[in-house]
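See below for the structure under consideration.
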Amino acid sequence: MGSTGSIGTQALKVIEANPDHFKVEVLTAYSNADLLIEQAMAFRPNVVVIGDESKFTYVNDALFTYDIKVYAGQEALGQVVEMEEIDVVLTALVGYAGLTPTMNAIYAGKNIALANKETLVVAGELVTAAAKLKGVNIYPVDSEHSAIFQCLVGEWHNPIEKIYLTASGGPFRGKCKEDLVGVTKAQALKHPNWEMGAKITIDSASMMNKGLEVIEAKWLFGLRNEQIDVIVHPQSIIHSIVQFEDGSMKAQMGLPDMKLPIQYAIGYPKRLPANFPRFNFMDYPSLTFEAPDKQTFRNLQLAFDALEQGGNAPCILNAANEVAVQAFLEDKIGFLEMSDVIADCLAKVAFVKKPTLVEYEETDQSTREKAMELV
Ligand code: NDP
Ligand code: MG
């Protein structure tokens with residue numbers, strides 16, 4: 001899901017390098033029809049889905065002579081994940097749109113390789129409960145969560161005392177609020193260590209990405225809120241750390257390259273050989289650590305607050321953030337105003353303590369309306 005994006009294209013590189021291990025059944029995109037067609041010709045899936053229905057004829061005509069079925073629209077995106085031939089669904093689409101396909105895939109008994117963190121932020125309790133019920137695994141793709149997962153192999157019976165999610169700090173690390181007033185989207189889109197899609201790159205600059213990851217970690221690893229901490233590590237070499245009850249800490253390290261966690265998630269439990277560049281200690285004579293600045297990067301504090309509040313608060317946080325990021329990318333609001341929109345929505349959208357899936361949908365919708373008014 002989301003094969004034309006940053007994670008999607010890197011996943012296809014992993015698959016291309018391991019033709020004996022993986023076969024692509026389905027590819028999906030939202031509007032990038034040309035790349036989807038190119039990928040379909042190269043990987044020969046059974047089905048492709050283009051989210052934007054107006055591009056159906058274009059894609060269908062291009063793939064007419066290939067034995068590939070073409071579907072279009074949101075409903076099709078939610079349905080293809082149920083196909084019998086599928087073992088693992090890699091959810092690499094962006095934002096709330098990932099929730100329905102992920103839930104449907106789980107109910108159809110498919111294992112999930114989860115990049116789409118927003119799904120767990122919005123409805124982590126429901127998603128993980130459904131996975132448990134259906135006996136399916138959710139393999140993390142997010143590098144921090146992959147790191148924790150890798151540290152936990154062989155430790156399943158040893159309780160976690162604490163986890164530390166590492167954060168690069170993004171392009172604005174060390175800045176104060178005044179410095180951030182007039183920053184442009186071009187500056188915010190320049191991440192020091194990772195090349196990613198636009199939404200997550202803005203989230204990284206505002207530290208919302210780390211906030212979303214804290215909530216993601218809670219649900220993936222069944223943690224209490226106070227067991228999750230964030231530490232800024234500008235070199236992005238240590239991808240995260242688990243501390244056990246004897247005080248011992250395990251960390252997973254490597255050069256920042258999303259192909260590694262993608263490959264680990266879809267290849268688990270195997271470590272498939274790969275020729276990714278290797279870490280050289282002499283290139284990084286010091287690895288450094290700092291406390292996150294939750295006052296300047298208010299989004300991180302807002303995410304911790306939403307986590308503490310529970311219920312539909314993380315869903316409100318996510319929807320408000322999606323609208324705010326889009327508005328920032330369209331030059332409608334400033335960088336710091338994204339936090340104002342999110343805080344306002346958290347204060348004003350109706351709180352629900354134990355939401356159903358329908359109530360999550362309603363929360364998402366009403367938050368988007370409120371946030372749109374604000375931007
Ligand atoms: P991109 O924006 O690069 O790609 C998003 C993909 O999803 C594209 O294929 C896009 O199609 C498709 N898509 C977007 N919106 C919709 C929609 N409404 N319905 C259906 N498909 C849609 O994002 P990334 O690859 O950067 O991120 C994907 C997910 O992975 C996010 O949740 C992100 O937080 C997470 N993640 C990403 C990392 C990274 O390094 N990039 C690292 C860790 C997590 P089209 O191209 O046609 O628009
Ligand atoms: Mg991450």
Side-chain angles (χ1 to χ4, degrees), residues 1-13 26-40 48-55 58-59 71-81 90-102 112-122 139-149 165-170 189 191 193-204 207-217 220 230 233 236 238-240 252 256-262 264-265 318 321-322 325-326 329 364 368:
M1 311 293 295
S3 64
T4 51
S6 160
I7 294 288
T9 50
Q10 294 182 84
L12 287 176
K13 282 191 186 139
V26 178
L27 291 173
T28 83
Y30 184 69
S31 64
N32 191 345
D34 288 321
L35 183 53
L36 182 65
I37 291 164
E38 194 185 302
Q39 292 177 338
V48 302
V49 184
I50 181 90
D52 180 351
E53 294 183 42
S54 70
K55 304 216 164 137
Y58 184 73
V59 178
Y71 301 114
Q74 288 299 326
E75 211 168 309
L77 284 170
Q79 284 170 352
V80 283
V81 294
L90 172 63
T91 62
L93 32 69
V94 65
Y96 180 87
L99 180 59
T100 302
T102 308
I112 307 290
L114 185 128
N116 178 235
K117 66 190 86 186
E118 293 91 343
T119 289
L120 282 185
V121 172
V122 168
Y139 302 115
V141 169
D142 214 347
S143 57
E144 295 77 2
H145 306 73
S146 174
I148 290 165
F149 183 53
L165 295 175
T166 52
S168 71
L189 283 169
H191 196 280
N193 303 341
W194 299 97
E195 258 188 52
M196 313 178 283
K199 197 253 173 185
I200 184 175
T201 308
I202 301 300
D203 284 345
S204 298
M207 297 284 292
M208 179 55 96
N209 182 49
K210 213 48 54 181
L212 300 179
E213 290 183 353
V214 167
I215 302 172
E216 180 186 13
L220 275 174
V230 170
H233 165 49
S236 296
I238 295 182
H239 297 305
S240 278
Q252 188 262 338
D257 181 345
M258 283 308 296
K259 288 199 289 305
L260 205 153
I262 293 169
Y264 192 73
N318 177 70
N321 181 57
E322 286 190 27
V325 169
Q326 191 58 36
L329 287 171
D364 180 75
R368 277 169 203 275

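For the numbers below, each heavy atom of this structure counts, side chains included, while hydrogens, waters and symmetry mates do not. Note that ligands are numbered from 1 as they come in the structure, with each ligand's atoms numbered from 1 the same way. Residues: numbered from 1 along the sequence shown.
Between Q10 and ligand 1, a contact under 3.5 Å exists for no N or O pair. In terms of N/O distances under 3.5 Å, ligand 1 is not approached by D142. Residue contacts with ligand 1: S31 is placed with a nitrogen or oxygen under 3.5 Å of a nitrogen or oxygen of the ligand (distance criterion only). Considering backbone and side-chain N/O atoms, G197 comes within less than 3.5 Å of an N/O atom of ligand 1. Looking at ligand 1, you'll find an N or O of T4 within less than 3.5 Å of one of its N or O atoms. Where the criterion is an N or O separation shorter than 3.5 Å, residue side chain and backbone included, Y30 meets it with respect to ligand 1.
Contact annotation: for M258 versus ligand 1, heavy atoms closer than 4.0 Å belong to the side chain alone. Contact annotation: for S3 versus ligand 1, heavy atoms closer than 4.0 Å belong to the backbone alone. Contact annotation: for L77 versus ligand 1, heavy atoms closer than 4.0 Å belong to the side chain alone. Only the backbone of A92 comes within contact range of ligand 1, with a heavy atom under 4.0 Å; no side-chain atom does.
Closest to atom 41 (N) of ligand 1 among all protein heavy atoms lies S6 OG, 3.0 Å. The closest protein non-hydrogen atom to atom 4 (O) of ligand 1 is G5 CA, 3.1 Å.
Ring planes of H239 and W194: tilted class, angle from 30 to 60°.
Considering only non-hydrogen atoms, atom 29 (C) of ligand 1 lies nearest to L93 out of L93, T100, I200. By heavy-atom distance, the residue among K199, K117, M196, M1 lying nearest atom 40 (O) of ligand 1 is M196. With distances taken over non-hydrogen atoms, the option nearest atom 15 (N) of ligand 1 out of L36, V94, N116, T119 is V94. With D34, I7, D203, L90 as candidates, the residue nearest to atom 25 (O) of ligand 1 on a non-hydrogen basis is I7.
For ligand 1 and A97, the ligand atoms under 4.0 Å from any heavy atom of the residue are 17 (C), 18 (N), 19 (N). Of all atoms in ligand 1, numbered sequentially from 1 with element shown, those under 4.0 Å from a heavy atom of A115 are 30 (O), 32 (O), 35 (C), 36 (N), 44 (C). Numbered from 1 in the order shown, with element, the atoms of ligand 1 that lie under 4.0 Å from a heavy atom of Q74 read 19 (N). Within ligand 1, counting atoms from 1 as listed, the ones closer than 4.0 Å to a heavy atom of N32 are 45 (P), 46 (O), 47 (O). Here is the list of ligand 1 atoms found below 4.0 Å of a heavy atom in A29: 11 (O), 47 (O).
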> Taking it one step at a time, do E118 and K199 satisfy side chain to side chain contact (heavy atoms under 4.5 Å, CB included)?
Replying inline: CA-CA 11 Å; E118 293 91 343; K199 197 253 173 185; 3.0 Å; yes
> Hey, mind stepping through I7 and I262 against side chain to side chain contact (heavy atoms under 4.5 Å, CB included) and telling me if it holds?
Replying inline: CA-CA 8 Å; I7 294 288; I262 293 169; 4.0 Å; yes
>> Apply side chain to side chain contact (heavy atoms under 4.5 Å, CB included) to residues T9 and L35 and explain how you reach the verdict.
In response: CA-CA 10 Å; T9 50; L35 183 53; 4.1 Å; yes
>> Before you tell me yes or no, could you show the steps for T4 and N32 under side-chain hydrogen bond (donor to acceptor under 3.5 Å, both in side chains), namely the whole-Å CA-CA distance, both residues' side-chain angles and the distance that decides it to 0.1 Å?
In response: CA-CA 7 Å; T4 51; N32 191 345; 4.9 Å; no
> How far apart are the C-alpha atoms of T91 and T119, what are their side-chain angles, what is the distance that settles it, and do they pass the side chain to side chain contact (heavy atoms under 4.5 Å, CB included) test?
Replying inline: CA-CA 9 Å; T91 62; T119 289; 5.9 Å; no
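The Mg ion (ligand 2) has D142 OD1, E144 OE1, E213 OE2 as protein N, O or S atoms under 2.8 Å away.
Contacts of Y71 classified as ring pair (Phe, Tyr, Trp, His ring centres under 6.0 Å), with partners at least two apart in sequence or in another chain: none.
Atom CD of residue E216 and atom CG of residue N116 lie 9.0 Å apart, to the nearest 0.5 angstrom.
Looking at every heavy atom in both residues, L120 comes nearest to I215 through O-CG2, 4.4 Å.
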